[in-house]
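Scroll down for the structure; my scribbles are underneath it.
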Amino acid sequence: MMFNATENTRTLSGMRPTGRLHLGHYHGVLKNWVRMQEDYDCFFFVADWHALTTTYENPESMSEHVWDMVVDWLAAGVDPEKATLFIQSSLLQHAELHLLLSMVTPLGWLERVPSFKEQQQRLADKDLSTYGFLGYPLLQSADILMYRAAYVPVGEDQVPHVELTREIARRFNSFFGKGADYDRELEQATFLIGKEDASRFRRYRRKYTEQGDRNAHEHAEAMIRNHDQLDNDQKQLLAGYLEGRGKALLPEPEALLTEAAKTPGLDGQKMSKSYNNIIAMRDEPKRIEKSVRAMPTDPARVRLTDPGDPERCPVWSLHKIYSDSDTREWVQSGCRAASFGCVQCKQPLIDKILEEQEVIGERAKPYVQNPGLVKEIIVEGNRKASRVADQTMDIVRSAVGTKYL
Ligand code: TRP
Ligand code: SF4
């Protein structure tokens with residue numbers, strides 16, 4: 001497990017509500033969320049406003065998509081006792097932060113985000129020359145900065161959005177970071193670490209800011225991190241001071257790249273609804289059996305006696321995810337020696353997928369039978385998220401001067 005200067009393990013990630021999820025989401029994203037919820041302070045949310053930026057034409061399906069997706073999260077093992085689950089649009093604070101960040105966001109930064117032009121071209125049938133779509137990554141920055149998250153687990157395509165978030169945070173902090181109480185707070189924090197340590201800290205800081213000494217930076221950071229007299233805000237303050245920034249009102253998050261290999265779909269391409277090649281997380285067993293049986297295999301294996309090469313076969317890609325080493329060994333040698341046919345090769349894979357579906361289905365069952373349970377989880381999650389969001393907005397409003405009462 002990794003730690004930054006302040007031992008902040010706050011982790012935030014969101015997903016657009018696209019309805020029922022498939023095995024690509026499960027292996028690529030959700031299993032990672034389930035692992036992370038054990039050690040990190042996780043917030044996972046439904047990015048419904050983000051969905052609206054591109055699918056504003058059919059609002060009827062939104063709510064169904066939201067609930068279906070949350071059930072799939074729970075079915076994957078995301079645990080509301082460990083992670084906070086909420087819906088973006090339930091927290092109006094996100095809209096306010098988005099608006100306030102927009103005041104200091106240069107248009108060029110948004111126009112240069114790679115997904116902006118890419119998506120406009122890819123989804124040419126939609127009119128995406130909208131204000132909302134241009135603001136998509138800034139809304140995402142607001143989502144992240146709202147929770148003062150240290151980590152954002154995302155796929156590769158989202159890394160530029162986290163990068164933008166870091167730049168926005170830096171810009172916001174440099175405009176507004178040195179609030180009226182800055183000097184007094186800084187004095188108090190340095191007082192708490194004691195006279196001797198304070199002067200050591202200043203020496204390190206000078207070495208770092210004047211000579212770029214990384215070592216000195218590390219020492220100083222370790223001093224702050226290990227100081228039990230300091231609370232998290234004070235650590236944050238000193239970390240910002242160390243780097244010559246103002247008070248880090250909004251800390252810069254780090255993208256955590258999810259490493260899972262892309263789950264291949266039934267045709268060997270990446271699994272995706274738009275390719276029509278998915279197995280859903282909660283699918284019909286009969287349908288799964290049928291579609292795996294229909295999967296294309298190495299075209300060299302025309303007859304049972306023709307040897308094949310698993311590397312040219314999408315079924316093998318799924319074996320790599322689902323099968324233990326014995327089975328994988330069996331596939332490799334049997335395929336190359338033509339000692340069995342593809343039908344036989346697919347059977348243990350089908351069995352494994354069905355086994356997994358059973359676990360997922362069992363976990364989903366109480367929520368499918370009683371959708372009220374899912375709503376309760378979200379109401380509670382919204383409440384918890386709101387507490388953090390209110391704290392952030394308090395800081396932000398003070399910083400930009402819109403806190404009057
Ligand atoms: N843009 C993300 C996606 O399409 C979803 C998202 C919205 C998100 N806000 C976020 C992800 C904040 C991480 C953090 O997948
Ligand atoms: Fe693919 Fe298995 Fe057939 Fe080989 S035997 S081509 S790995 S399905």
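Numbering of ligands and ligand atoms starts at 1, following listing order.
- Cation-pi geometry between Arg10 and Tyr151 is not satisfied (NZ or CZ under 6.0 Å from the ring centre, within 45° of the ring normal).
- In terms of polar-atom proximity, defined here as any N/O pair under 3.5 Å, Tyr136 does make such a contact with ligand 1.
- Comparing Met146, His50, Gln158, Gln88 by heavy-atom distance to atom 7 (C) of ligand 1, the nearest is His50.
- For the 3.5 Å distance criterion, the side chains of Gln332 and Arg328 fail to qualify, holding no donor opposite an acceptor.
- Counting heavy atoms closer than 4.0 Å to ligand 2, residue Val331 contributes side-chain atoms (C-beta onward) but none from N, CA, C or O.
- In Cys342, the parts holding a heavy atom less than 4.0 Å from any atom of ligand 2 are both the side chain and the backbone.
- Contact atoms of ligand 2 toward Arg301: 5 (S), 6 (S) (distance under 4.0 Å to a heavy atom of the residue).
- Geometrically, ligand 1 and His161 share no nitrogen or oxygen pair separated by less than 3.5 Å.
- Proximity to Val152 (heavy-atom distance under 4.0 Å) selects the following atoms of ligand 1: 13 (C), 14 (C).
- A donor-acceptor pair is defined here as one N or O able to donate and one able to accept, closer than 3.5 Å; no such pair exists between the side chain of Gln88 and the backbone of Asp143.
- Contact check on Arg20 versus Asp72 returns no salt bridge, with no Lys/Arg side-chain nitrogen under 4.0 Å from an Asp/Glu carboxylate oxygen.
- The existence of a salt bridge linking Asp197 and Arg200 is confirmed by a sub-4.0 Å separation between a basic side-chain nitrogen and an acidic carboxylate oxygen.
- In this structure, Glu96 pairs ionically with Arg397, as a charged nitrogen and a carboxylate oxygen lie closer than 4.0 Å.
- Regarding atom 8 (C) of ligand 1, its nearest protein heavy-atom neighbour is Gln140 NE2, 3.4 Å.
- Atom CG in Leu354 sits 9.5 Å away from atom CG in Asp283 (nearest 0.5 Å).
- Within the set Ser317, Ala337, Cys335, the minimum heavy-atom distance to atom 4 (Fe) of ligand 2 is found for Cys335.
- Closest to atom 1 (Fe) of ligand 2, if we only count protein heavy atoms, is Cys313 SG, 2.3 Å.
- Among protein heavy atoms, atom 2 (Fe) of ligand 2 sits closest to Cys345 SG, 2.3 Å.
- Taking a cut-off of under 4.0 Å to the non-hydrogen atoms of Asp298, the atoms of ligand 2 that pass are 6 (S).
- Salt bridge Lys365/Glu362: present, at least one basic N to carboxylate O contact under 4.0 Å.
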